[in-house]
There are 2 protein chains.
Amino acid sequence: MKTISRKTIDRALLYIRALENLLKEKRDKISSSELADITGSSDVQIRKDISFFGKVGVPRVGYETKRLKDILENFILQDNIVHIALFGVGNLGKAILKYPGFQTDKIKLVAAFDKAKSKLSKEINGIKIYPVERSAELIKKVHAEIGIIAVPPGSSQEVADIMVKSGLKGIINFAPNCISVPKSIYVKNIDFSIEILSIFSHTQL
Amino acid sequence: MKTISRKTIDRALLYIRALENLLKEKRDKISSSELADITGSSDVQIRKDISFFGKVGVPRVGYETKRLKDILENFILQDNIVHIALFGVGNLGKAILKYPGFQTDKIKLVAAFDKAKSKLSKEINGIKIYPVERSAELIKKVHAEIGIIAVPPGSSQEVADIMVKSGLKGIINFAPNCISVPKSIYVKNIDFSIEILSIFSHTQL
DNA sequence: AATCAATCGTGAAATTCGTAACGATTTATA
DNA sequence: TATAAATCGTTACGAATTTCACGATTGATT
């Protein structure tokens, strides 16, 4: 039995997004090379990735847009809805609360927490802000799976510990430092400064 | 002559960040395995990465924190200051304008642009917001190298074209679609929804 | 001074990943 | 119906990356 690689999954998510856009434009067929142009990949890479899911395309025609999207989504997301809990309602946290992509049929931001009393019991974009003390209780109630850390660096480890205790299985960490969690928890760090420096260094070489 | 890989550079940026934190704690020595714990890497990986820069560590002791940081920084950043231009002052754009990491001695956000007349001539965190029409002129004046796309998806390609014309060499794209630019321009896409779905799928497998 | 333990640096093996090459399949067309 | 052109799927190859294994070096200890 072949096993799918993380890179293939991440590219497949890109393909899904592109296929959704194509569907909006009523494109019902797409070739690997066109999809490659759109997603910045290569046609071979795309065929290779898709081949994991079986024989989906038809030679001389390409892939049926909707079918391909359904197959990828079914494998990767299995009509799950992803529920997010946000920690930290500063500038970035507010932007995340208002982010349209986090109130869709697949992804829902369902809870927000902050330490500052002044921010509590407010509501942003229909989401109430609760004290961090209630996070374990509320996260279990709303069945959140993924947590977002958008707190200042000094508090990120503390928040991460709370997240783990609350039963979250994956974390996006926007704080500019690494956090330590059990191996079973998946963490993705997004550090804006490092992204900038990385891009800059790439432009230098 | 050996050439450094992109992955090594990106990890080195993580090391630099960790070393800065260690310096703040007055830690003047660090071993590869400790650094691995902090950054979520492995000791061998770290030694291998650092070996590119020569023999920096001393056996039985480890690396001198400041020296290692200096060596990595000197190679990757060469005491450059990175200047950023922001396109789109919506919720995310505002959060970026207020992000402390973008007003440091190494990274400076120096210009912000928006289409909406209502946002112009305002000032956020000391940065004035200009109309996109003036971007080429102003970006050249302030010598910005990196651009951030924080506009709605419909405008991202348009903005990308303007960025290229303005002479920016690298782009972070927060819009949820791919943009097409000349190969000489480096683009890093950050799509919050895709990040969430990626994490979610990792927690499922 | 000799020995030991800790840590680095590195060549080689193993693994992962992307690319290329090419046969197989399908539609269009003469 | 035979041929041609386009596109897929897959095997084999090559490149990049990580991991392993181990020798070399240093500081601590007796």
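Letters go in sequence order (proteins before strands), and every chain restarts at 1.
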Letter per nucleotide, 5' to 3', of nucleotides 7-14 of chain C [B base touched, S only sugar-phosphate touched, - untouched; heavy atoms, 4.0 Å]: BBBSBB--
All pairs passing ring-ring contact (aromatic ring centres under 6.0 Å, His included) where residues 128-151 of chain B contributes a residue, at least two apart: none
Test ring-ring contact (aromatic ring centres under 6.0 Å, His included) applied to F102(A) - qualifying residues, sequence neighbours left out: Y99(A)
Residues forming a salt bridge (charged side-chain N to carboxylate O under 4.0 Å, His left out) with D43(A), sequence neighbours excluded: R47(A)
Sequence neighbours excluded - ring-ring contact (aromatic ring centres under 6.0 Å, His included) pairs with any residue from residues 16-45 of chain B: none
Span of DNA chain D in contact with chain B (heavy atoms, under 4.0 Å): dT17(D) to dA28(D)
ring-ring contact (aromatic ring centres under 6.0 Å, His included): pairs with one or both residues in residues 151-187 of chain A, sequence neighbours excluded: F174(A)-F192(A), F174(A)-F192(B), Y186(A)-H202(B)
R6(B) CZ - dC17(C) P separation (whole Å): 18 Å
K115(B): salt bridge (charged side-chain N to carboxylate O under 4.0 Å, His left out) partners, not counting sequence neighbours: E158(B)
Qualifying residues under ring-ring contact (aromatic ring centres under 6.0 Å, His included), relative to F52(A), sequence neighbours excluded: F75(A)
Test salt bridge (charged side-chain N to carboxylate O under 4.0 Å, His left out) applied to D70(B) - qualifying residues, sequence neighbours left out: K66(B)
Residues touching DNA chain D, which here means a heavy atom under 4.0 Å, drawn from residues 8-22 of chain A: none
S31(B) and S33(B): side chain donor to acceptor below 3.5 Å: yes
Results of salt bridge (charged side-chain N to carboxylate O under 4.0 Å, His left out) for K48(B) - residues two or more places apart only: none
Distance in angstrom units between I46(A) CD1 and dC17(C) C1', rounded: 16 Å
